[in-house]
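Okay, structure first, notes after.
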Amino acid sequence: MIVVAGEALIDLVPSPQDTSPSVEGPGEAPAVDGRLPALLPRRGGGPYNTAVALGRLGSPAAFCSRISTDSFGEALLQGLHSGGVDTSLVQRGTEPTTLAVADISPDGSAGYGFYADGTADRLFTLPPALPAAARALSLGTCSLVLEPGASAYESLLRREARRGVFTALDPNIRPGLIPDPDAYRARFRSWLPDVALLKLSEEDALWLAGPGAASGGTWEAVTAAAKEWLDAGPAAIVLTRGGDGLTVLTRGGGELTVPGERVTVVDTIGAGDTVNAALLHRLDAHDALSYAAVTALGDDDWRDILRFAARAAAVTCSRAGAEPPFATELAA
């Protein structure tokens with residue numbers, strides 16, 4: 001079983017076929033044609049999307065989080081059940097569900113504004129134990145930023161890593177939620193000894209490397225930072241590069257890149273989360289959900305794993321919202 005821990009929330013995504021009337025109020029910027037876009041609620045949250053994607057791919061998966069008892073929370077829980085995801089580790093609370101308002105750019109990339117004060121997922125507490133069947137733990141995104149839940153998720157990461165559970169981390173940086181970037185960067189580095197697989201976007205790697213690297217914005221700066229992080233603990237780092245594909249850097253000094261799959265992009269919501277799930281699913285197919293097994297993977301193994309993840313992400317990008325593929329869509 002692969003356990004995914006972190007937030008579940010509702011994305012409010014602009015409707016691509018909006019016909020709402022102009023309703024802007026004082027101080028509000030209207031849409032280009034004078035109308036505000038209608039916002040469609042979609043199930044989301046990086047860890048939530050990863051869990052659903054694992055279930056759709058056929059991996060035994062469980063979700064570890066705290067979900068509201070409001071109507072959005074019930075919809076989130078139903079989405080997990082529909083995806084075949086075990087919810088026995090889900091805590092419940094009467095606080096509202098976190099909302100993320102998505103802003104879709106012309107190229108399909110998404111930015112977010114969060115409404116997370118006093119919400120249910122922030123009050124997550126450390127569970128006494130994971131199921132005996134748990135072989136891997138995946139964490140990331142807002143859940144490792146927003147307190148008091150962030151400290152509980154951090155404790156879960158450290159405890160399970162030291163029990164020998166394979167750990168995967170996707171920081172999935174949301175700068176607007178991070179009041180002290182330098183403190184977060186230091187905290188991120190403190191996690192690395194307990195992380196077996198680090199996956200992050202090229203943009204997130206530049207942000208985590210610090211202002212100097214981010215201002216340069218070069219691939220050399222990204223790989224230099226990644227090699228420093230490898231020295232701190234992970235067996236491998238997978239970097240997502242949008243249309244340029246995926247690159248893996250290994251603790252043994254290996255580097256391999258596969259190209260992205262060409263697709264008409266509707267939006268990129270959930271694409272990185274799909275990569276998380278696809279990597280874990282394919283690593284499991286290679287019997288490589290352990291630190292030692294990942295270090296032993298060769299170029300042909302990584303090429304297969306990264307190509308699978310690229311195909312899965314392309315399917316997600318080809319449709320609106322975080323809608324990861326089912327195993328049958330990737331069988332060809």
Side-chain angles (χ1 to χ4, degrees), residues 11 13-14 16 42 44 46 49-50 53 56-57 100 102-112 140-141 168-175 197-209 213-227 229 236-250 254-283 299-326 329-332:
D11 289 326
V13 182
R42 305 291 192 204
N49 296 337
T50 298
R56 289 186 177 186
L57 291 174
D103 180 19
I104 309 300
S105 298
D107 65 357
S109 61
Y112 297 91
T141 319
L169 172 67
D170 175 13
N172 203 6
I173 300 299
R174 303 293 185 232
L197 174 67
L198 175 63
K199 173 265 170 185
L200 68 172
S201 69
E202 186 174 351
E203 295 80 8
D204 286 352
L206 282 169
W207 189 95
L208 285 163
S215 62
T218 66
W219 178 244
E220 289 75 16
V222 171
T223 55
K227 288 172 183 176
W229 299 333
I237 296 177
V238 173
L239 293 153
T240 60
R241 307 176 63 189
D244 292 330
L246 296 93
T247 295
V248 63
L249 302 173
T250 66
E255 180 175 339
L256 178 76
T257 297
V258 302
E261 296 278 327
R262 297 303 169 193
V263 67
T264 300
V265 175
V266 175
D267 64 51
T268 62
I269 297 174
D273 311 324
T274 299
V275 170
N276 294 339
L279 290 172
L280 291 167
H281 177 81
R282 205 63 165 184
L283 282 169
D299 284 355
D300 288 344
D301 302 314
W302 276 116
R303 191 173 290 107
D304 172 71
I305 292 163
L306 296 183
R307 283 176 174 168
F308 182 81
R311 291 202 308 275
V315 174
T316 300
C317 290
S318 72
R319 47 204 189 198
E323 288 294 338
F326 292 87
E329 295 178 273
L330 302 177

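Computed from a predicted model, the values in this text were never measured in an experiment.
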A236 to W302 - nearest heavy-atom pair and separation
CB-CZ2, 3.7 Å

Go through the steps for V222 and L206 under the test side-chain contact (heavy atoms from CB on, under 4.5 Å), then give the verdict.
CA-CA 6 Å; V222 171; L206 282 169; 3.6 Å; yes

Could you measure the distance from the CG atom of L246 to the CZ atom of F308? Nearest 0.5 Å is fine.
12.5 Å

Which heavy atom of D204 sits nearest to which heavy atom of N172, and what is that distance?
OD2-CA, 3.3 Å

Closest non-hydrogen atom pair between P171 and L200, with its separation:
CD-CB, 4.0 Å

Hey, could you give me the NZ/OG1 distance between K227 and T250, rounded to the nearest 0.5 Å?
10.0 Å

Which pair of heavy atoms, one from P325 and one from T316, lies closest together, and at what distance?
CD-OG1, 3.5 Å

Check whether any side-chain N or O of R307 sits under 3.5 Å from a backbone N or O of E261 as a donor-acceptor pair, and report yes or no.
no

Between the OG1 atom in T257 and the CZ atom in R303, the distance rounded to the nearest 0.5 Å is 10.5 Å

So, for A313 and A271, which heavy atoms are closest and what is the spacing to 0.1 Å?
CB-O, 4.0 Å

L279 and side-chain contact (heavy atoms from CB on, under 4.5 Å): which single residue from T50, T274, I305 fits?
I305

Evaluation steps, side-chain contact (heavy atoms from CB on, under 4.5 Å), between N276 and N49:
CA-CA 9 Å; N276 294 339; N49 296 337; over 6 Å; no

Of all heavy-atom pairs between A314 and V263, which one has the smallest distance, and what is that distance?
O-CG2, 3.7 Å

Donor-acceptor pairs are to be reported for all side-chain atoms of residues 238-245 against protein atoms at under 3.5 Å, with residues two or more places apart or in another chain.
{"unit_1": "R241", "atom_1": "NH1", "unit_2": "T247", "atom_2": "OG1", "d": "3.2"}

Are the side chain of D170 and the backbone of G140 linked by a donor-acceptor contact shorter than 3.5 Å?
no

When you measure from the side chain of R42 to the backbone of V13, do you find a donor-acceptor pair of N or O atoms at a distance under 3.5 Å?
no

Using the side-chain contact (heavy atoms from CB on, under 4.5 Å) rule, take L330 and L57 through it: C-alpha gap first, then chi angles, then the decisive distance, then the call.
CA-CA 9 Å; L330 302 177; L57 291 174; 3.7 Å; yes

How far does CD of E203 sit from CG of L208, to the nearest 0.5 angstrom?
12.0 Å

